[in-house]
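Numbers restart at 1 for each chain; the letters A, B, ... are given by sequence-line order, proteins then strands. Side chains are part of it too, since the values below use all heavy atoms of this structure and drop only hydrogens, waters and symmetry mates. Owing to the predicted nature of the structure, the values given are computational and were not obtained by experimental measurement.
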Amino acid sequence: MSAETTSTPIATVRAPGLLRRHWPWLAAIAIALLLPWLFFDWTKGRHSGFVLTMLSEIGLMSVFALSFNMLMGQTGLLSFGHAILFGLGGYCTAHALNAVKAGTLWLPVELVPLVGGLGGLVFGAAFGYVVTKQRATAFAMITMGLGELVAACALMFMGFFGGEGGIPTDRMVGTSLVGVDYSSSWQVYCLIVAWVAIATVLMRLQTQTPLGRMANAQRDNFERTQFVGYDPRMIRFYQFTLSGFFAGIGGALYVLVYEIVTFDTVAAAKSATALLATYIGGAGSFLGPFLGTVVVVLLQSGVSLISNAWLLYVGGLFIVMVMFAPGGIMGIVARHEPIARIGRLGELVVPYARILPPGLLSVLGFVTLVELAQLTTIGAAQNKSLAIGGQAIDPHSALPWATGAVMLIGGGLWLRREARVFRVRWDALIEEAKARGLPV
Amino acid sequence: MEVFLVSLLNGLVYGMLLFMLASGLTLILSMMGVLNFAHASAYMLGAYFAFTLSQHIGFWPALVIAPLLCGLLGAAIEMYGLRRVHRNGHIAELLFTFGLALIIEKVVQMTWGLLPVPYRVPAGLDFPLFSIYGTHFPAYRAFMLLISLLMFGAIWLGLTRTRIGLVIQAALTHPDMVGALGHNVPRVFTIVFAAGTALAGLAGVIGGNYQVTEPAMAFTMGPIVFVVVVFGGLGSLTGCFIASLLMGLIQTFAVVLDYSPADLLKQFGVTVTSATPFHEVLTVPLPRIGALLPFLLLVLILVFKPRGLMGTRDT
Amino acid sequence: MLKTILARLALAALATASIGPAFAQGTIKIAYTDPLSGPFAQVGDANLKQMNYILDYINSKGGALGKKFELVPFDNKSQPSDALIALKSATDQNMPFIMQCSGSNIAAALIDGVNKHNARNPDNRIIYINCGAVATELTNEQCSFWHYRFDAHAAEKAAVMVQALPKDVAKVYLLNQDYLFGQSVQRDVKTFLAKLRPDVQVVGDELIPLGKVKDFAPYVTKIKASGAQALLTGNWGPDMNLLIKAGIDAGVDLRYYTMYAHLAGGAVAIGPGGDGKVYSVQAFNENIAPEIGNAEAEAWTKEFRAKFPFDFYAAGFRTIFEFLAAGINKAGSADPTKVAYALEDLKIKDFLGFEIRMRKDDHQIIGPYFVGIFKKGVKYDSEKTGLGWATAATVQAKDIEQPTTCKMQRPKS
């Protein structure tokens with residue numbers, strides 16, 4: 001699935017076999033639209049607002065992460081300040097929506113994300129002119145400095161940023177093209193899905209344009225790109241500006257979901273989220289950031305409801321990922337490709353099934369210990385209690401600690417043994433694939 | 001004159017505190033290329049270790065032991081974590097340290113609680129050393145200045161006068177060549193990372209009681225350290241030293257110079273009123289943005305001079 | 001997308017294995033959202049501990065309409081978007097109240113979010129209880145029928161600060177954080193100084209970027225040079241602690257008037273050097289009860305000291321829950337619209353014996369306020385430092401109350 005290995009010519013997009021070739025995209029949209037119904041509250045006859053907002057958050061953050069990957073994955077530029085484009089796009093959108101509400105501007109709600117995109121594009125060009133002078137670490141550090149400056153300005157200057165309270169807005173401006181008032185989260189969610197799909201397809205197509213290809217080239221070999229006759233700086237500039245456009249669309253979707261934009265949208269934490277999502281999903285493949293966003297948002301908004309120690313789990317996950325799966329989730333999937341090509345994926349089922357229990361056991365042991373530790377020190381008075389299967393557990397007795405430690409250590413040792421077995425099987429299959437002349 | 005002298009002293013002390021933090025990071029970043037986000041976490045750990053140790057064995061032993069503990073931790077992190085991640089590229093290393101910073105923050109919260117701890121300046125140093133125009137200069141500030149100067153001297157001597165220092169220096173500019181000459185580059189990496197972490201720990205021991213020892217101290221100190229290191233330029237301890245002092249002095253003097261761009265424009269006969277476009281930005285006085293100047297300077301210097309102030313290598 | 005479902009299932013499984021809030025049936029649920037993780041977790045954590053202590057007491061007295069209150073915490077990580085997600089969760093579960101204390105950015109987002117939610121879902125409304133976001137705008141321009149503020153706002157705190165300024169102070173220096181709250185403290189303090197203390201001269205007026213200054217020594221030098229006798233600041237967190245520490249270290253003869261020095265962690269951060277120099281505008285301190293001879297209140301807060309390593313400072317929270325209980329009893333149900341009407345103009349005596357009123361015009365709490373001085377030799381010290389807060393001034397409700405520009409829109413009940 002990676003951008004480099006797939007070489008779908010643009011022409012096929014318009015070919016009659018659209019449905020046949022691109023069914024995964026359509027299936028993804030269908031699933032996105034069906035998923036909220038799983039959580040529909042039939043007794044009250046309404047959608048779960050929490051689930052819809054979280055899915056919308058996944059959608060808008062994945063547009064943001066994908067735009068971030070236009071820099072990191074495709075152009076090899078690590079940005080620590082990408083959120084400024086996301087946030088500024090959001091501020092432009094909020095001002096535009098307020099103008100529509102006041103009647104000084106006419107714009108259908110459905111096209112409002114374009115305003116965010118254009119805002120991101122303009123600011124992307126302005127900042128891009130400065131930052132793309134450099135690459136590598138210098139680029140990363142300039143974006144970090146710029147990010148801090150913009151975030152500080154957002155608090156200081158009232159006129160455009162609205163200060164600490166931000167710019168509140170209202171998405172019910174009554175200018176819909178399809179006659180929807182966007183009062184419910186469900187209506188907004190449908191709009192989000194549509195725009196996420198449009199933005200994703202556009203970004204996908206962009207990877208196949210000459211600019212997208214040259215961005216890859218200057219990432220892989222900066223000097224040779226110059227010999228081919230392209231100015232690497234201009235490539236970086238166009239790529240940065242375009243990614244600003246898509247980040248701005250993400251920011252606009254944020255405004256539509258939350259109906260407010262505050263300085264948090266330009267702050268470093270948002271930039272970090274995109275970086276983490278992209279890496280976890282896999283920067284090397286187009287859809288990696290999307291998967292990464294799903295994981296990160298679920299951790300942020302889901303696990304944080306259950307445990308205050310969620311940041312520790314996030315930290316642990318990153319460390320495990322960078323140590324054992326540097327290609328991210330999509331990297332793990334891609335590694336199975338040669339084995340799948342020789343048709344022997346089935347032989348991995350048993351080894352996988354064997355490492356699953358010790359893996360789960362050690363994770364469970366780790367979680368138990370962390371939760372116990374944090375319950376004794378901070379969590380106790382936060383109305384949280386530890387219970388397994390309705391059975392309350394006393395963190396001051398020795399038994400749960402011992403159980404946790406045994407699970408962690410025992411599980412770890414068992415995992416090591418099973419991992420060795422797995423490794424043998426895996427290497428044999430890879431050798432097999434190599435022998436058949438497949439690239440590994 | 002009064003304000004000038006006091007500000008100069010203040011700027012020096014603050015600059016030297018920055019240098020204590022930044023010197024470790026400049027070694028790590030120049031040599032290993034690791035954007036170590038956990039560096040400020042080591043600073044925090046140093047302060048917390050010193051707090052606990054000083055309750056039992058006093059401040060002076062803690063001054064030695066806490067940085068050593070941080071150094072050991074750094075060595076372990078390098079040997080069992082970073083070395084493994086190294087082959088996966090710089091972004092992997094960066095995220096590794098980022099994950100580490102999150103974990104350290106949470107572990108500190110779980111061990112020492114969420115509130116600040118009463119880590120105090122030792123009684124032996126808690127007196128005003130001298131008074132200058134009625135403003136006390138605390139002895140502890142002089143002590144900080146002394147420690148950081150000693151540190152600068154020790155690092156400089158270590159790098160230029162010892163065998164391992166020469167190897168490290170060589171590895172700063174030509175890592176591959178050093179490896180080719182048969183030096184154990186991974187071990188050098190471990191030493192550098194451990195030393196860098198220990199220096200951050202020392203800065204924590206010194207800075208923790210001067211400022212406030214709390215779980216957010218790593219988070220708030222993080223960005224400015226990067227600014228100093230990158231501004232000074234990779235591979236140059238002197239650059240780092242100058243950058244630290246410069247940042248300290250600039251921020252200190254920005255506070256006393258009460259001017260805004262509008263005042264500058266007035267010199268050219270342009271008067272800024274509330275009707276002027278961008279008047280909100282133009283009337284901002286210098287003290288209001290003093291603490292942001294380092295970031296502005298960082299952006300400016302990198303745009304025109306990607307190697308930083310005295311860098312020997314491209315960043 | 002399969003991943004989503006899998007992750008979701010895993011999450012659900014984890015949730016039923018249950019490391020989570022212990023839900024009980026038939027309780028009145030109050031969603032509470034503040035930072036509970038990350039670098040600023042202490043804010044939410046300290047609040048939560050005090051709230052649970054208060055709720056245990058109120059529930060033991062019978063709660064409201066025979067039902068117990070239950071607090072359901074949501075971590076918002078200081079992000080407005082996460083606070084809005086918490087709002088969605090609360091309304092999904094038909095909770096009648098959502099409470100938030102820290103950050104006017106989040107408060108603004110919540111007021112707006114609650115307004116829209118209640119307008120769009122008349123059958124599932126929710127009341128927003130503001131327990132500490134103090135931007136003056138929230139009960140003026142942005143005021144809402146669904147928003148009740150149970151803390152004095154920035155302008156009121158500024159008024160208290162100015163009224164507590166001793167007569168011998170002639171020169172003051174203002175230093176504030178450069179964002180909405182700090183700027184409004186700066187503006188309001190100057191307004192009240194001009195009105196109430198025309199003899200006082202403002203010799204310096206400074207704004208600093210929020211959380212960016214690591215060394216306050218240069219500011220102290222400047223303050224010293226200006227000849228100020230008192231420093232008036234709305235700073236909180238490191239911006240306040242480091243400022244006071246730097247001032248004490250430099251031995252400047254200065255009195256520090258703050259708004260947040262009495263919060264959890266403040267006493268430890270300032271340390272013994274602050275003896276007799278630091279003042280804080282506060283709704284409560286542990287020595288008020290013995291000072292006014294209220295033994296019952298004293299015993300009640302003493303019990304909190306025995307359990308937790310910091311002071312009880314949140315008398316305002318107790319007022320909140322007593323208001324809610326009284327409001328629900330008066331309305332005869334926990335229906336948000338009825339309770340919202342019942343709370344308007346409600347008066348109760350708080351546990352110290354002062355009369356507290358919820359003003360109908362803008363839903364702003366009106367009650368007395370105190371200025372504490374941090375010093376040695378008080379009955380109850382703070383956080384085992386040996387120093388504690390003694391009352392330096394009590395400002396009556398009538399001297400705090402200020403006109404509002406709010407034009408309240410009320411729904412049909």
*asked:* Does any backbone or side-chain atom of A:I142 lie under 4.5 Å from a heavy atom of chain B? Answer side chain, backbone, both or neither.
replied: both
*chain A heavy atoms under 4.5 Å from B:I104: which part of the residue, side chain, backbone, both or neither?*
neither
*Do A:R219 and A:T225 have a side chain donor and acceptor closer than 3.5 Å?*
no
*Toward chain A, the part of B:L94 with a non-hydrogen atom under 4.5 Å*: side chain
*asked:* Quick check on the interface: out of A:A272, A:G327, A:G147, A:A309, who has the most heavy-atom pairs with chain B under 4.5 Å?
replied: A:A309
*At a heavy-atom separation under 4.5 Å, does A:M72 approach chain B through its side chain, its backbone, both, or neither?*
side chain
*asked:* Quick check on B:L35 against chain A: is it the side chain, the backbone, both or neither that has a heavy atom closer than 4.5 Å?
replied: side chain
*Heavy-atom closest pair, residues A:K133 and A:R236*: O-NH2, 3.7 Å
*Would you please classify the geometry between the B:F98 ring and the B:F37 ring as parallel, tilted or perpendicular, with 30° and 60° separating the classes?*
perpendicular
*Mark yes or no: B:R84 above the aromatic ring of B:F96, with NZ or CZ under 6.0 Å from the six-membered ring centre and no more than 45 degrees from the axis.*
no
*What part of B:Y80 gets closer than 4.5 Å to chain A, counting heavy atoms only: side chain, backbone, both or neither?*
backbone
*Examine the side chains of A:H82 and A:S67 and answer whether a donor and an acceptor come within less than 3.5 Å of each other.*
yes
_Per-residue contact mode, B:L298 against chain A (heavy atom under 4.5 angstrom)_ = side chain
*What class does the angle between the rings of A:Y91 and A:F161 fall in, given that below 30° is parallel, 30 to 60° is tilted and above 60° is perpendicular?*
perpendicular
